[in-house]
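Bear in mind that the values here come from a model prediction, so they are computed numbers and not experimental data.
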Amino acid sequence: MNSVAPRGGAAEGAAELVRKYQAWEGSNKFCLGGRFIFGPDVRSVFLTIFLIVAPAAVFCVFVARKLMDDFSGDWGISVMVVFVVATVYVLVLLLLTSGRDPGIVPRNAQPPEPEAYDNSMELGSGQTPRLPRTKDVIINGATVKVKYCDTCMLYRPPRCSHCSICDNCVEHFDHHCPWVGQCIGLRNYRFFYMFVFSTTLLCLYVHAFCWVYIIKIMNSEKCSVWKAMVKTPASIVLVVYTFLALWFVGGLSIFHLYLISTNQTTYENFRYQYSRRANPYNKGIVRNFLEIFCSSIPKSKNDFREKVQKKPMMPSHSVGGSFDSTTFAVSKREQGKATWAEPNDRVLSMGSDRLTVSTNGDYITEYQQ
């Protein structure tokens, strides 16, 4: 028999313990009790899996199986085995990219307190100092501005941005990839690039052996290439499919090779942050590659299975007594906004971006939802 919790102060005072993923304030989706974390667009992962598995099945049935008979010895079997192993490897990389914490920075329950009172600090109502909108930090001898996040109520670490889709601040934010349904950041960028590059190699493999099978038909039946292509329509479909896919994943692989070699993120590159000044994170090509592929991946700052206190519902302040969750979210965000000042700055809202232009001519672009 289900017990009914008593009403009154005793019930309200007792804090309910839940898993952290159950009280998560972001837009993420969780699987297996918080062991896997995905973005809100996780359904796109199934589309990506289909785009990999469907042509793989066609290749195995109509091309690789026929080549097993055409090649002598173990060469025919190796064509099938290598392809199956490579396909499984690509799918594992996809799961490692989309199903892990990309580097989410935990939110603050309250806005940070001013570190120290300074005569230059803006005074708010009641003569209380307000937090500055940005802070200056030194990275490899260069000054980098870190910005305050209204939603997470914290100063973002360098290279951290707030993803409007997942509604989280992500360290070393690169972009939100709809094909894997997840943000790409500090903890999954390596697997993302390995996934894209491995998919490129898999497309080349299928494309090449489809032509090998067509040439085998030409040699065995002494016919032209067009007649050989008619005899294996599956090979033609795969040739066209992999050719189109190579333009996408191949181009993406080359583009990210450039980003890795210069130690940039997609987010930084699209906004030309280093077009007029030196990149303070660039360590040289060799060290940049070692940083991405050979350094240890930091441990997640979030234990999604730990037990936390469930936040109580705020009492309604509306006339009708109904509680609006949107009002609560807005009031919480306004609480964070009220703690920092924007003196002598002009703020322009441009679509999904927020552009702050200061009096000294500098500009700061902030990625907001």
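By the 6.0 Å contact criterion, CH2 on W179 is open, its count of non-hydrogen atoms from other residues, nucleotides or ligands being 12 or less. In this structure, F243 places its CZ atom where only 12 or fewer heavy-atom neighbours from other residues, nucleotides or ligands lie under 6.0 Å away. Counting non-hydrogen atoms of other residues, nucleotides and ligands closer than 6.0 Å to CD1 of I285 gives a total of 12 or fewer. Around atom CZ of F197, no more than 12 heavy atoms belonging to other residues, nucleotides or ligands sit under 6.0 Å away.
The shortest non-hydrogen separation linking T97 to L93 is OG1-O, 2.8 Å. When all heavy atoms of C166 and N28 are compared, the pair lying nearest together is O-OD1, 3.9 Å. Closest of all the heavy-atom pairs between A23 and V308 is CB-CG2, 4.4 Å. Across P280 and N140, no two heavy atoms sit closer than the pair O-ND2, 2.5 Å. Of all non-hydrogen atoms in N188 and C183, the two that sit nearest each other are ND2-O, 2.8 Å. For the pair M80 and M68, the tightest heavy-atom approach, listed with the atom from each and the gap, is CE-SD, 4.0 Å.
Under the 4.5 Å side-chain heavy-atom criterion for Ile, Leu, Val, Met, Phe, Trp and Tyr, F83 and V63 are members of the same hydrophobic cluster. Linking Ile, Leu, Val, Met, Phe, Trp and Tyr residues whenever their side-chain heavy atoms come within less than 4.5 Å places V61 and V58 in a single cluster. Note on L186: it does not cluster hydrophobically with I292, by side-chain heavy-atom contacts below 4.5 Å among ILVMFWY residues. A chain of hydrophobic side-chain contacts below 4.5 Å, direct or via other Ile, Leu, Val, Met, Phe, Trp or Tyr residues, connects L202 to V53. Hydrophobic clustering, with ILVMFWY side chains joined whenever heavy atoms are under 4.5 angstrom apart, groups I49 together with L95.
A donor-acceptor pair under 3.5 Å links the side-chain atoms of N302 to the main chain of I104, judged by distance alone. A side-chain donor-acceptor contact under 3.5 Å links S261 to the backbone of Y258. Between the side chain of T242 and the backbone N or O of V239, at least one donor-acceptor pair lies under 3.5 Å.
Remark: of the listed residues N288, V144, T262, V144 is the sole one forming a side-chain contact (heavy atoms from CB on, under 4.5 Å) with Y281.
In this structure, CZ in R19 is found 4.5 Å from CZ in R305, a value given to the nearest 0.5 Å. Distance check: W247 CH2 to C203 SG gives 14.0 Å after rounding to the nearest 0.5 Å. In this structure, K29 NZ and S98 OG are separated by 15.0 Å, a value rounded to the nearest 0.5 Å. A distance of 4.5 Å separates CG in D167 from OG in S27, rounded to the nearest 0.5 Å. Rounded to the nearest 0.5 Å, atoms NE2 (H175) and OG (S161) are 13.0 Å apart. In this structure, OH on Y213 lies 14.0 Å from CE on M218, to the nearest 0.5 angstrom.
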side-chain contact (heavy atoms from CB on, under 4.5 Å) between N168 and W24, worked out:
CA-CA 10 Å; N168 297 309; W24 189 250; 3.7 Å; yes
Check the pair F30, Y21 against ring-ring contact (aromatic ring centres under 6.0 Å, His included), reporting the backbone distance first and the verdict last.
CA-CA 7 Å; F30 294 87; Y21 76 91; 5.6 Å; yes
Before giving the answer on side-chain contact (heavy atoms from CB on, under 4.5 Å), spell out for L201 and Y205 the whole-Å C-alpha distance, their side-chain angles and the decisive distance to 0.1 Å.
CA-CA 6 Å; L201 295 180; Y205 187 91; over 6 Å; no
Run the side-chain contact (heavy atoms from CB on, under 4.5 Å) check on F173 and T265 step by step: do they pass?
CA-CA 7 Å; F173 179 79; T265 64; over 6 Å; no
Evaluate the side chain to side chain donor-acceptor pair (under 3.5 Å) criterion for residues H207 and Y241: first the C-alpha distance (whole Å), next the side-chain angles of each, then the deciding distance (0.1 Å), finally the verdict.
CA-CA 9 Å; H207 191 89; Y241 181 84; over 6 Å; no
Show, in sequence, the C-alpha distance, side-chain angles and deciding distance for I297 and R100, and conclude whether the side-chain contact (heavy atoms from CB on, under 4.5 Å) test is met.
CA-CA 12 Å; I297 298 177; R100 68 187 288 126; 3.9 Å; yes
Evaluate the side chain to side chain donor-acceptor pair (under 3.5 Å) criterion for residues D101 and S300: first the C-alpha distance (whole Å), next the side-chain angles of each, then the deciding distance (0.1 Å), finally the verdict.
CA-CA 7 Å; D101 176 7; S300 174; 2.5 Å; yes
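Between E171 and R159, none of the side-chain N atoms (NZ, or NE/NH1/NH2) sits under 4.0 Å from a carboxylate O, so this pair counts as no salt bridge. The pair K231-E221 meets the salt-bridge criterion, with a side-chain N (NZ, NE, NH1 or NH2) lying under 4.0 Å from an Asp/Glu carboxylate O. Ionic pairing of K20 and D303 is not present here: no N-O contact between side-chain nitrogen and carboxylate oxygen is shorter than 4.0 angstrom.
Within the cation-pi definition used here (under 6.0 Å to the ring centroid, within 45° of the axis), K135 qualifies as a partner of Y155.
S235 is not listed as a side-chain neighbour of M229, based on a closest heavy-atom distance of 4.5 Å or more.
Applying the side-chain hydrogen bond (donor to acceptor under 3.5 Å, both in side chains) test to pairs two or more places apart or on separate chains, those with a residue in residues 32-52 are D41-H176.
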